[in-house]
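This report refers to the structure that appears directly beneath it.
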Amino acid sequence: MSWEELSAVVAENPNDFKSWEKLISSAEQINGGIVKASSDEDKELLRILYQNFLVQFPLCEQYWINYALWEFKLGETEKAKDIFRKSLTTLPRSLLIWVAYAKFMIDVETNRDKLHNQVLEKGRRMIGLHFYSHLYYDVYLDYLKSEDYKRYVFLLRRILEIPLYHYSKYFKLWFKLIENSDMEGITLIINEDDLKSWGHMGLQDLKVKLRKTYIDLYITTQYHTFKLWNLEKKLTHSNYFSASPLQEITRNDWVSYVLFAYTQSMANPHTKNQHLPYVNDQFFLTVIERCLIVTGTYQDFWLIYAAYYLRKNMVQQAKEQLLRGIYLNPILNVDLRIQLVDLYLITKEVQKAHSVIVELYSFLPNSYEVFLKYLTVERLAQKDFDLLKEFQDKLEAMQSTEYEAQFDYLFADILRYDIPVEKLPDLFEKYDTKSSLIYWKSYLSLNILYLKSLKKFEAIKTLALERVNPKLKDDLEEHIRGIFY
Amino acid sequence: MSDAATLELLDNLGKRAQAAETFEGWDQFFEGAEQIIYEQREHNESISESVVLKVEQLCEELLTQYPLIVRYWKRYVAMEYQLRGIEASLKLLRGALHIFSSSSELWCDYLSIIINNKLEASTTIKNLFEQAIDTCGRQFLSHPLWDSYLKWLVSFNGESEAYFKSLLKVVQIPLYEYSKYHKALIDSLQHENSKGKVKVLLGVSSEEELYQTVDHICNRTQEATNKRWPYESLIKQPFFTFEEPSDDELNNWNSYLDFEETHGDKNQVIALYERCLIPCSRLESFWIRYTNWFQRSNENEIDQLMAIFRRGSDLFLPPDRLKFRYMFAEYLSKTSDVNVAAALNIFHTMFKKLPGNSEVVRYYLQLILQHRKGHNFISELQIVLEQVCRRNDNKRAILNSIENQDLLKLLEILNKKTITAVLTLLIKHFWTFGERDHVELPRNIFLSYYQHEFLRSSIPFWDLFFKFECIEKSNTNLTNVVNHVSNSQRVSTVQKSNILGAYRDCTLNNLFAEGPFPNINQRSMSVAMTRLLNAEIIFLELKAGIPRETKDFVESDKRLFQENGHSGIAIEKQPSITNVSNFRKSIFEESSPASLPTFKNVEKAAQPVRFEI
């Protein structure tokens, strides 16, 4: 397909991932391939394509990296840095991007302080607990080995405590370091206080004792690595965003992993002396962000993310995560928006809740859940909102449509709103030819539990048993029984 | 082998078979027993009476529990023949047919033993055959039974009138081998003698009419058979198994029953129900369906209906299926006042089998309330409640103050689990029959009992309390209920999330509204916030394949708690570093090496990881 055809395809269907990929690679090849000397027009075209693509598929880590590196190749180092930084606001804990960013900055950043604190150390904090973060540590260690040997040893020592896929590689390095150290080298491995406390001993004895101590660390880290591996092994195939739908089983495996991290992070403070490297928030954040690169277009994981912040009483962050999720999810995934509305209500931001729900309702006027939430918010936003009328209108509008059965639940929910109950019998009576179970259940409840009229109840009961869908008659009888006994 | 050893072996096999509930386990038992009998015969030893009794006892036990497995009846009968001779084995078969009369295979066996050994007079045999045909003759695969009947009729009296009577009966039934009988009928019309008999039986005079009628019958039967074939061909498992039949199988039975109920005649429907209740004998829904249909279509045949009720509730349904038994009790009490006692008796049996089931008590109380309430029922019920919960010392005085005999019986069996039923019934009574503005009475009962230890884990109680306060709109109480439930260790996570979900809807819908729900107060604010998404998480956990059963839930809760170090529950000891580095501290701020690592439980590190999710 030609360039023009491809761009027509993606313009028509922006979700067509394959065509986007082809389009980008053909733009990269345009006029013999983009180079520094290419025309401004061609360069601009490539940029626009990348930008548009990344709006459509912001979870594609590799494309962020490629985009940044293109700018670098074209001589725009500052622009490249900007793109990296921007990608890290979208995907703050993407291992792939951090690795590429670190490599890139080691090459181009002349300000060492900046490189150390704003890149290398920041990256370590963000993805240093990632199970596959050896990719990052290798780059980092490599750099330190030649630039700052002392810190090289310090970093290596830190890594030993973390359960990683390649944990044993670092222990090998460490044991070799002990083995090959002279008296001066040893002072990078053990501090003065510890050395003193061990008393006077020869270099060889010291090495033997050090080795013994670190073997204990080795088996401890190994234990926790195995433990994580139980969860990790199911997900080895699922580390990157894919445009094709996620398999149910993979999704469940991610749920298990995320919930594991979740419970770890919620550990009772009294038992935090457990000192596991992953009993902390960083571990949960690492796992959930990593998971969201794969699963970001599904709402479940954003809900867990928001729940996590709610448990910590951090409502603002919960909202932010929901907003991020809303950006990535199709509008049919209504849970995120509804949840956000709930949060706005709790923090008394009725106007914000209102604008979210009104937009959602205009897209999905036939969704029951959305309608209910819409009512709740409308009523809070407008003082003289006539709730009952709204119910009536909706019931009328939904009659004899495919949504009628769904909206029969309004009869149950109407009782939960604080409409004066005396006003309700008329509304119910109007629909008494229905065969819907929920309608009759609610009608009966209204009379016996709200209006407390046994006489009326008995009359309606006879009617109900006559008119309810015969297949559901047993259920209705059971329900009636449950009211009294 | 000594008798004692034999007895022990048999006992073990029997116990294992009972516990296993698989065909393998049962096969092993029967093989073992047969082997013992065979070996002793081989050595010409007589089998001691104690061994014989043991074999009989174990077989009886197994087959009482699961009476619908033909092949084990057959093996038992064969053994009984070896042990006690033909009379005894025949008696046994008769017993089997009493419970499992819908097995045409057992009928065939029974009749062939009688015929081959000339044990009964021909009129008796004919009656037995008729009985067998009545119960099983309409089964799609009953041709062996029909074959042996027709064969016997011919051998006994040639192609007599009785023979043609039966032949004309079978040609009208949709059977798998229907064409065989059609052919037999048409063939017999070749002979003038037979033709005459058939003419008389069909009440036709001319030859033309005869052929027309026969044609008509055959075509009709063929059509009826074809209509049933789509269902019959899908029945993969017409026999009993220990596992529940598959969903496909059940759906097919249901649609087949739908078909027969609208197309077949009464006997055809009954025959199908009886067949269906072999593989589905332990499924309440089919028994309910059967009795419902029977009541609708056979109003006058009370005895037969009673028999179906009795069979379902006494023989086949597992003890914890309450609904069918309740239907039975209700039916009994409706028929006459005399039968109320019998109905209540059904519950007395259930009390013994399900001592901790509050649903049984609930059904029982309902029945009393509807049929033999007496004057002071409610106040006496309150005394009962008081007695069980507060353990009044003066028991005799209490007993004397209760006149209702049914309640006295109830008092004997009530325990900390079943008391819920009494309490909720009382509350519902005061709530639904009370005046509109008098909610204090039921509320006071809630308030005076909610802290009682018997009710801490009672789901019906807390559900009702929640619903009550939701409707009666006491915000403070509602919040307290929710807090109480969500902090309880004894309420399952699913139940908690149900109540929390309902609470969220209830409060958010009415947030800021004026009236009974004032602005959400500080306390419920924190509940709503911290628990808001609880329900979703539980759903995710369920989706993630964490077990659904309550008991497994406790297990998985424990696992999660162990992992997150929940206080009050034993923590799995894991190896850990006690001076782990500060992850957030920059390595460029460090000037000297970190301290040597120190550990806890490092000896556990060499053990395999126990954690699985």
Side-chain angles (χ1 to χ4, degrees), chain A residues 116-117 121 125 128 151 154-155 157-158 161 188-191 194 213 216-217 219-220 222-223 226-227 230-231 252 255-256 259-260 263-264 266-268 270-271 274-277 282 300 303-304 306-307 310-311 313 315 342 345-346 376 380 416-418 448-450 452 454 481 483-485, chain B residues 362 365-366 369 425 428 432-436 471 505-506 508-513 515-517 525 528-530 532-533 536-537 540-541 543-545 560 563-567 571 574-578 580-581 583-584 586-588 590 592-597 599 602 605-606 609 611-613:
Chain A
H116 291 168
N117 295 322
E121 273 302 290
R125 284 190 205 109
R151 262 61 189 233
F154 290 176
L155 178 61
R157 166 68 177 79
R158 288 264 191 108
E161 294 174 358
L188 292 179
I189 296 172
I190 178 166
N191 64 32
D194 284 333
T213 306
D216 278 350
L217 183 57
I219 57 174
T220 303
Q222 175 174 267
Y223 178 94
F226 283 177
K227 201 160 157 170
N230 264 321
L231 297 154
N252 289 341
V255 172
S256 311
L259 287 177
F260 169 72
T263 47
Q264 297 299 331
M266 292 297 155
N268 188 326
H270 300 300
T271 54
Q274 285 257 318
H275 288 302
L276 298 175
Q282 291 305 311
D300 311 353
L303 290 174
I304 301 183
L310 283 178
R311 288 252 179 156
N313 250 343
V315 189
D342 281 353
L345 291 185
I346 283 173
T376 305
L380 297 174
R416 286 215 296 250
Y417 285 83
D418 61 343
I448 189 77
L449 298 178
Y450 291 82
K452 305 268 158 68
L454 197 59
R481 216 168 69 72
I483 295 177
F484 298 103
Y485 306 104
Chain B
R362 193 176 136 216
L365 285 172
Q366 179 181 358
L369 258 173
L425 184 119
K428 283 175 179 178
T432 50
F433 294 100
E435 291 292 309
R436 188 165 165 197
I471 289 176
D505 292 345
C506 196
L508 282 180
N509 286 349
N510 294 287
L511 207 62
F512 306 127
F517 272 99
M525 169 101 163
M529 250 169 26
T530 52
L532 194 62
L533 290 147
E536 280 79 4
I537 290 191
L540 287 169
E541 267 179 58
K543 271 196 220 154
L560 285 172
E563 285 310 303
N564 88 31
H566 194 275
S567 60
I571 298 161
Q574 319 191 47
S576 53
I577 310 161
T578 48
V580 74
S581 311
F583 185 75
R584 300 201 65 77
S586 166
I587 60 161
F588 293 101
E590 287 187 14
S592 62
S595 299
L596 289 164
F599 305 97
V602 70
V609 178
F611 171 69
E612 284 275 340
I613 208 165

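Here the structure is a predicted model, which means the values were calculated and not measured. Order of the sequence lines fixes the chain letters, A, B, ..., with proteins taken first and strands second; residue numbering starts at 1 for each chain.
The candidate with the highest count of non-hydrogen atom pairs below 4.5 Å against chain B, out of D194(A), I189(A), I483(A), is D194(A). Counting heavy-atom pairs closer than 4.5 Å to chain A, the top residue among L369(B), L365(B), L596(B) is L596(B).
At a 4.5 Å heavy-atom cutoff, the contact between R157(A) and chain B is made by side-chain atoms alone. When heavy atoms are compared at a cutoff of 4.5 Å, L188(A) approaches chain B solely by way of its backbone atoms N, CA, C and O. Contacts of I190(A) with chain B are made by both backbone and side-chain atoms, with heavy-atom separations under 4.5 Å. With a 4.5 angstrom heavy-atom cutoff, F599(B) touches chain A only via side-chain atoms.
Scanning both residues, V602(B) and P575(B), for their nearest heavy atoms gives CA-CB, 4.0 Å.
Judged purely by distance below 3.5 Å, without hydrogens or angles, the side chains of R125(A) and Q282(A) never pair a donor atom with an acceptor atom.
Contact annotation: the side chain of R362(B) never approaches that of L425(B) to less than 4.5 Å [non-hydrogen atoms, C-beta and beyond]. Residues R151(A) and F588(B) meet the side-chain proximity criterion, which asks for heavy atoms closer than 4.5 Å.
The pair R158(A)-E590(B) meets the salt-bridge criterion, since a charged nitrogen lies less than 4.0 angstrom from a carboxylate oxygen.
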